[in-house]
Every structure is written in C-alpha cells, then in structure tokens.
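In this text the structure is predicted, and so the values were computed from the model without any measurement. All ligand and atom numbering here is 1-based and tracks the order in the structure.
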Amino acid sequence: PPRASLRLEDDSPRLNGASLAAAAAATRVNAWTEWGTLREVVVGDAHNAHFPPRSPALRPAINREGGQCFLEPDGSVVEAEGIGALLERSVGWPAGRKAQRTIDAANQQLDNLAAVLRRRGIAVRRPSGGVDWSAPIKTPFFDAPNQYCATCPRDIVATIGNVVLEASMSRRDRYFEVYQYRDMIREIWRADPAMLWKAAPKPSCADRMYNSEWWDLRTEERYAQMRNYSFCITNEEPIFDAADIMRCGKDIFVQLSMTANAAGIEWLARELAPSGVRVHTLRFPYDLAPSHLDCTFVPLRPGLVLTNPERPIAEEDAATFAAAGWRFLDAPQPTNPSRPWASQSSKWLSMNVLSLSPRVVVAEEQEVALHRLLEAEGFEVVKVPFRAVYEFGGSLHCATWDLARDDCCEDFFP
Ligand code: DAV
C-alpha cells in the first residue's frame, strides 16, 4: 500500500524561535483575500474525533470504494484500499469515536503541515481545546448524540479584514465546535485592540429549519429542481458555514448551498456593507449537493480562479469575473481520486489548496496533475501528504484558518 512521505521543505527561509515569537507577537488580525502573503494561521487537529451522526443536515454514508488511512507502529501512514464495501456490510454507518490509529495518522499529517508552515516563517496556532466531542448536545430545540472534531476551522470561523466572524453553522453536531477555538480567539482579541469579534445569530437547528424530504429525492427530481437551488436547509433562518465564503478584497463571494442559504448571505451582506465590502452570491447549478466553496471555486491570485470542471458556475455569476478580466482555470481530474471509506467529501478535495502568497500554493503531494498545472502558471507548489485528513472533513484549505495575511481591502472588480 502507498506510504506517505514526510518530506519537509528544506529550501524555505528559517526563522529561529526568537524571531518567530516576535513575528507572532506583532501579528494583527488582517486577511482580506485568499492569497495575500500568509503570516499567521490556525491548523486544525483530529484529537478525539467522532463520526458525525446522521442529522437533518447530513446523511453520512460509507464511501464503498474507499480505503483507510492509518498510522503504522513505525510511524508511517498507510493507505489500504477497498475496505468500504466490507465495512458497509458489517456495520452500516458507525457511531462514536474514530479509531485511534486513524486519528493518529490525521494528526501526523496535520502536525507536519504546521511544521512546514513554521519553517517558512508563518506563525501557526493549534485549537486550544475544551470541547469533549463524545458529549451529547441537548438544547430546547434539538438533540445530537455526539459532536465531531476540530479538524476544519475553515468551516466555522472566517477572518474578513480585522473581523473574526463565527459562522452560524448548519449542522447540529457542529453547533458548539467554535468553543474549541474560544480561548485562542479571546487571547488574540486581548492582544490586538483593532480586532473585531463577531458571531452570526445561532440558528435553532430545530426540525423546521430543514427540508427532510430533500435527502430522499431521486437524482432526476434533483435535476428537475436544480434551478431553485433548494437543498436540505430552508430559508427561514439565516444560515452559513464559513467555508462557503471566498474573499477577494472588497468583494466577498458566498455559495448558495446545503450549508449557506439566501438569508445567511443577506445577513453577511448587511453586516459587511458598512465596511464597504460587497457580498455576492455564487451558484453552481450542476452541483446537486453543494457544501463549502473550497472544492469548487478557489481564487489563487488577482485575476485567477481555480475552477471545478464538473461544477460550472452559473452564467450570471460568472459575469462579475468576466467584466473585471478574471480568468477561470479548470482543475485537472484528481490524480488519486480515492478517498477514505468514512470521507463525506468528494474527490475534488484535490483542489482544496492553501495559498501562502500570490506565488506559492500548498497542495496534496499525490496530486501531480494539479502541481503541473499550477507550476505552468508560475506558482511554486509546496507538496505535503494530507490524505489521512480527508475523512475528518477536508483537505488543506478546510483544515486551516488564516488570521493574518499581507493584504488590504483592495478593489479587484472595479
Ligand atoms: O466537494 O466535497 C467538501 C468541502 C469540505 N469542507 C466537496 C466539498
């Protein structure tokens, strides 16, 4: 079975502990784009991760073709193929805590990413803890048997300029996930007097917030409704996950999806208007189960977006980009389309990259076709093993949350 290499970047500028600490202390919360030179970032972790329970916003299913990533006693991550169908026959969708060696494999790759970033002089923070993912949730409106993990901070909190914004969230088992970052947010808020700390209204997550029939629609019925952009959440309460947002300076793009509704996008638009930010809705009519924008539409630098060839953008939404002279670059088919059996994401995690600057992008090490494409566009591609993280909700963009980049509220769509 394939083994992941643990190659650290050796050509990167090295900072010693003292200069790193000084850089971190000087950091101010500031991130207006997806591509400004990265100064400080949060990398998630997989500690104590639990399987997401079935709920009105998620019907988890075993990925039958999927294998497993686990950590061997010698410290190498192994990808074993084709156990998904077997597991499905014997257990159906599992409940409770994930296997320790699966958690360890993900943590090894997350720790490696943190080390690679630190060696490039980027300050890295890790979730500060506090939430027991095994704990059930009971509110006046819903129950959940357990919670999930802190692997994907991108989904739950966004930096928009000097604002740290906690998303409303769409899933019950992720309702309190942001508390895993609260000590950290408080600490940054105390150190940076210019930072604004905001949280979107928490939705009820009551049964009436969801379209439960949506999950049982046949594919043809979904195609028939496609243009309504109607998914498993209703539009009664404003809802968005932070990963449905992409920042391009003065313009913020938000995907209408299973995890962000029109009311959620309207809430963002009104909230950000006083700071001069324009919020645009993006629609991808051929994606029948859209969730999070970062496997679909990934701005890489001014004028260039990495796009998903199987999920073309709605024509009317493309016009904003065309009018400003932006170019869409279709990602190649994934070099390794296989995913772990418990992954609820698509093969397009291949394009879920993290930008370190307008010239440098971090990508999964097996995605050679993507590396070639980006290198031909003039990018330096930093390659890291990350497939063991895939079943914890995402890849490199999902598992990070940028706190500070060198950028400003620039107008890229004049
Ligand atoms: O295409 O499966 C996954 C994004 C996970 N945060 C996709 C989107």
Tell me if the centroids of the rings in [X] and [Y] come within less than 6.0 Å of each other.
X      : Y      : value
Phe253 : Phe413 : yes
Phe328 : Phe297 : yes
Tyr148 : Phe392 : no
Trp93  : Phe51  : yes

- Residues lining ligand 1 [heavy-atom distance under 4.0 Å, listed by chain and residue number]: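 Residue list for ligand 1: Asp155, Ser291, His292, Asp294, Cys295, Arg311, Ser345, Ser346, Gly393, Cys398.
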
- Message: Just by distance, no angles: are the side chains of Trp197 and Glu166 close enough, under 3.5 Å, to form a donor-acceptor pair?
- Response: yes

- Message: Parallel, tilted or perpendicular, judged at 30° and 60°: which one describes the rings of Trp35 and Trp326?
- Response: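 Answer is tilted, since the angle falls between 30° and 60°.
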
